[in-house]
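Single-structure report; data block below.
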Amino acid sequence: MTRLVAPSMLSADFANLSCDIEMVNKSQADWFHLDIMDGVFVPNISFGFPVVERIKSLATKPLDVHLMIVDPDRYLERFREAGADWLTVHYEACTHLNRTLSRIRELGMKAGVSVNPHTPVELLTDILEYADLVLIMSVNPGFGGQKFIPNSIGRIERLRKLIDQKGLSTLIEVDGGVGPSNARELYQAGANVLVAGNAVFKADNPLAAIEMIKNA
C-alpha cells in the first residue's frame with residue numbers, strides 16, 4: 001500500500017522558510033502540505049497565494065494544498081496558477097461538492113475532499129469516485145500542535161472499507177496529531193498519506209523524524 005509523508009508547512013519557520021523547504025526537498029518526504037485558512041471556516045488565518053507561489057518556486061516535490069475556507073470555488077483557478085498539484089476542499093464548505101471536485105480535475109489538479117472529526121465518513125459514499133484523495137481531520141482544524149483524536153482510527157478503517165468495496169484507488173490522508181508514535185497504527189488502519197507538522201519541524205532532527213514516519 002502507498003505510504004507517503006507530507007510535512008505541514010504551517011509549522012515551518014517562516015523567518016527561514018527557504019531553509020525548511022530545502023530540508024523537505026532533501027528528505028524522504030513526498031509532498032509539501034499547505035494549509036490555507038481564512039479566519040471564517042476555521043478560527044485562524046494562515047497564508048495565501050504569495051507564500052504558495054514562493055514555496056512552489058523552491059519545492060522539488062508536489063504541493064498538497066488544503067483549503068480550510070468558505071466558498072472555495074472562487075479560488076480553484078488561482079491555486080492552480082499558484083502551483084497546487086493536489087487541491088483539497090472541505091465537505092462542510094461545499095454546497096455542490098460533485099461540481100467542485102470535477103472542476104479541480106478539469107483544471108489539471110488532483111481533487112481531494114476533507115472531513116472534520118464530527119462528519120461521518122459514510123457521507124462520502126456517493127462522491128468517492130470523484131475524489132483522488134480523502135483527508136481525514138484527526139483534530140479540529142485551525143491550529144497546529146493539537147492532540148490526536150483517538151476515534152479517528154475507526155473512521156480511517158471504515159473509509160478504507162468503503163474505498164476497497166468500490167474498487168477505487170482513492171488515497172486516504174490523515175492530518176492532526178500525527179507523528180512517529182502513531183504512524184504505524186495509522187498506516188495499518190488504511191491511511192496512505194500522513195501529514196505531520198510539529199512532529200517534523202519541532203523535532204531535534206527533522207530529517208530523522210520524517211524517516212521514522214515514512215518507515216513506521
**Complete:** Hits for side chain to side chain contact (heavy atoms under 4.5 Å, CB included) against Asp13, two or more places apart or cross-chain, chain-then-number order -> Ala15, Asn16, Asp20

**Complete:** In short, Phe201 meets Met9 closest at the heavy-atom pair CZ-SD, 3.7 Å

**Request:** May I ask whether Ile149 and Leu186 are part of the same hydrophobic cluster, defined by side-chain heavy atoms of I, L, V, M, F, W, Y residues being less than 4.5 angstrom apart, directly or through others?
**Result:** no

**Prompt:** Linking I/L/V/M/F/W/Y whenever their side-chain heavy atoms sit closer than 4.5 Å, directly or via other members, would Val174 and Val113 fall into one cluster?
**Reply:** yes

**Request:** Give the C-alpha distance, both sets of side-chain angles, the deciding distance and a yes or no for side-chain contact (heavy atoms from CB on, under 4.5 Å) between Val65 and His33.
**Result:** CA-CA 6 Å; Val65 179; His33 186 82; over 6 Å; no

**Message:** Checking the side chain of Lys61 only, and the main-chain atoms of Ala29 only, is there a donor and an acceptor separated by less than 3.5 Å?
**Reply:** yes

**Request:** Could you tell me whether Asp164 and Lys161 have a side-chain N and a carboxylate O separated by less than 4.0 Å?
**Result:** no

**Item:** Within residues 140-152 or reaching into it, pairs that qualify as salt bridge (Lys or Arg N to Asp or Glu O under 4.0 Å) - sequence neighbours excluded
**Value:** none

**Asked** Who are the side chain to side chain contact (heavy atoms under 4.5 Å, CB included) partners of Arg99, not counting sequence neighbours?
**Response** His96

**Item:** Audit row: Arg184, Met212, side-chain contact (heavy atoms from CB on, under 4.5 Å) steps and yes/no
**Value:** CA-CA 10 Å; Arg184 181 180 180 184; Met212 290 173 66; over 6 Å; no

**Message:** How long is the straight-line distance from CG of Leu4 back to CD of Glu173, given to the nearest 0.5 Å?
**Reply:** 9.0 Å

**Item:** Donor + acceptor pair across side chains of His66, Asp64 (<3.5 Å)
**Value:** no

**Asked** Which atom pair, heavy atoms only, marks the closest approach of Gly190 to Met1?
**Response** O-SD, 3.9 Å

**Complete:** When every non-hydrogen atom of Ala183 is compared with those of Ala216, the smallest separation belongs to CB-CB, 3.6 Å

**Asked** Distance from Tyr130 atom OH to Ile127 atom CD1, nearest 0.5 Å?
**Response** 6.5 Å

**Message:** Can you confirm whether Leu124 sits close enough to Leu162 that some side-chain heavy atom of one is under 4.5 Å from a side-chain heavy atom of the other?
**Reply:** no

**Prompt:** Are Val40 and Ile69 side-chain neighbours, meaning at least one heavy-atom pair lies under 4.5 Å?
**Reply:** no

**Asked** Nearest 0.5 Å, what's the CD1-NZ distance between Ile21 and Lys26?
**Response** 13.0 Å

**Message:** One pair to check against side-chain contact (heavy atoms from CB on, under 4.5 Å): Val51 and Leu17. What are the steps and the verdict?
**Reply:** CA-CA 10 Å; Val51 174; Leu17 188 57; 4.3 Å; yes

**Asp73 side, atom CG; Cys94 side, atom SG - distance, nearest 0.5 Å** = 5.5 Å

**Asked** Who pairs with Leu107 by side chain to side chain contact (heavy atoms under 4.5 Å, CB included), at least two apart in sequence or on another chain?
**Response** Leu76, Glu77, Arg80, Arg103, Met109

**Complete:** So CG of Leu135 and CG of Leu171: to nearest 0.5 Å the spacing works out to 11.5 Å

**Hphob cluster co-occupancy, Ile36 + Leu101, side-chain heavy atoms under 4.5 angstrom** = yes

**Item:** Non-hydrogen atoms of Ala203 and Ala209 that approach each other most closely
**Value:** CB-CB, 3.9 Å

**Request:** May I ask whether Leu133 and Val52 are part of the same hydrophobic cluster, defined by side-chain heavy atoms of I, L, V, M, F, W, Y residues being less than 4.5 angstrom apart, directly or through others?
**Result:** no

**Request:** Keeping the roles fixed (side chain from Arg158, backbone from Ile153), state whether a donor-acceptor pair exists under 3.5 Å.
**Result:** no

**Prompt:** Which is it for Asp38 and Asn44 under the side-chain contact (heavy atoms from CB on, under 4.5 Å) test, yes or no, and what are the steps along the way?
**Reply:** CA-CA 7 Å; Asp38 64 358; Asn44 196 11; over 6 Å; no

**Asked** Would you say Pro117 and Val139 make side-chain contact, with heavy atoms under 4.5 Å?
**Response** no

**Prompt:** Judged by atom type as modelled, is there a donor-acceptor pair below 3.5 Å linking the side chain of Arg105 to the main-chain atoms of Ser102?
**Reply:** no

**Prompt:** If Ile, Leu, Val, Met, Phe, Trp and Tyr residues are connected whenever their side-chain heavy atoms lie under 4.5 Å apart, and connections chain through other members, are Tyr91 and Met137 in the same group?
**Reply:** no

**Request:** Tell me, yes or no, whether the heavy-atom count around Phe148 atom CZ, taken from other residues, nucleotides or ligands under 6.0 Å, exceeds 12.
**Result:** yes

**Item:** Any donor-acceptor N/O pair, Thr2 side chain to Asn192 backbone, under 3.5 Å
**Value:** no

**Request:** Consider only side-chain N and O atoms of Asp35 and Ser46, and report whether a donor and an acceptor are under 3.5 Å apart.
**Result:** no

**Asked** Does Val200 reach the side chain of Val24, with side-chain heavy atoms less than 4.5 Å apart?
**Response** no

**Between Thr170 and Asp132, a side-chain donor and acceptor under 3.5 Å** = no

**Prompt:** Would a distance-only check, ignoring hydrogens and angles, find a side-chain to backbone donor-acceptor pair under 3.5 Å from Glu92 to Asn116?
**Reply:** yes

**Asked** Any chance OH of Tyr75 has more than 12 other-residue heavy atoms, nucleotides or ligands included, within less than 6.0 Å?
**Response** no

**Asked** Is any side-chain N of the basic residue among Glu129 and Lys166 closer than 4.0 Å to the acidic one's carboxylate O?
**Response** no

**Request:** Sequence neighbours left out, what pairs pass side-chain hydrogen bond (donor to acceptor under 3.5 Å, both in side chains) with at least one residue falling in residues 202-216?
**Result:** Gln28-Asn215, Asp30-Lys214

**Message:** As an exercise, state the distance from CG of Asn182 to CD1 of Ile213, rounded to the nearest 0.5 Å.
**Reply:** 8.5 Å

**Item:** Salt-bridge criterion met for Lys56 and Asp85 (N-O under 4.0 Å)
**Value:** yes

**Request:** Mind jotting down which residue pairs meet the ring pair (Phe, Tyr, Trp, His ring centres under 6.0 Å) criterion with at least one end in residues 43-62? Sequence neighbours excluded, please.
**Result:** Phe14-Phe47, Phe49-Phe79

**Item:** Ile172 and Tyr187, any side-chain heavy atoms less than 4.5 Å apart
**Value:** no

**Message:** Side chains of Leu159 and Val115, heavy atoms from C-beta outward: is any pair under 4.5 Å?
**Reply:** no

**Asp175 backbone acceptor or donor facing Ser138 side chain under 3.5 Å** = yes

**Message:** On a heavy-atom basis, which atom in Glu122 and which in Thr125 lie closest, and how many Å separate them?
**Reply:** O-OG1, 2.7 Å

**Prompt:** Between Thr60 and Phe32, what is the shortest heavy-atom contact and its length?
**Reply:** N-CE1, 4.4 Å

**Message:** Could you tell me if the side chain of Pro206 sits less than 4.5 Å from the side chain of Pro7, heavy atoms only?
**Reply:** no

**Prompt:** Around atom CD of Glu185, are there more than 12 heavy atoms of other residues, nucleotides or ligands at under 6.0 Å?
**Reply:** no

**Prompt:** Side chains of Met37 and Leu10: closer than 4.5 Å at any heavy-atom pair?
**Reply:** yes

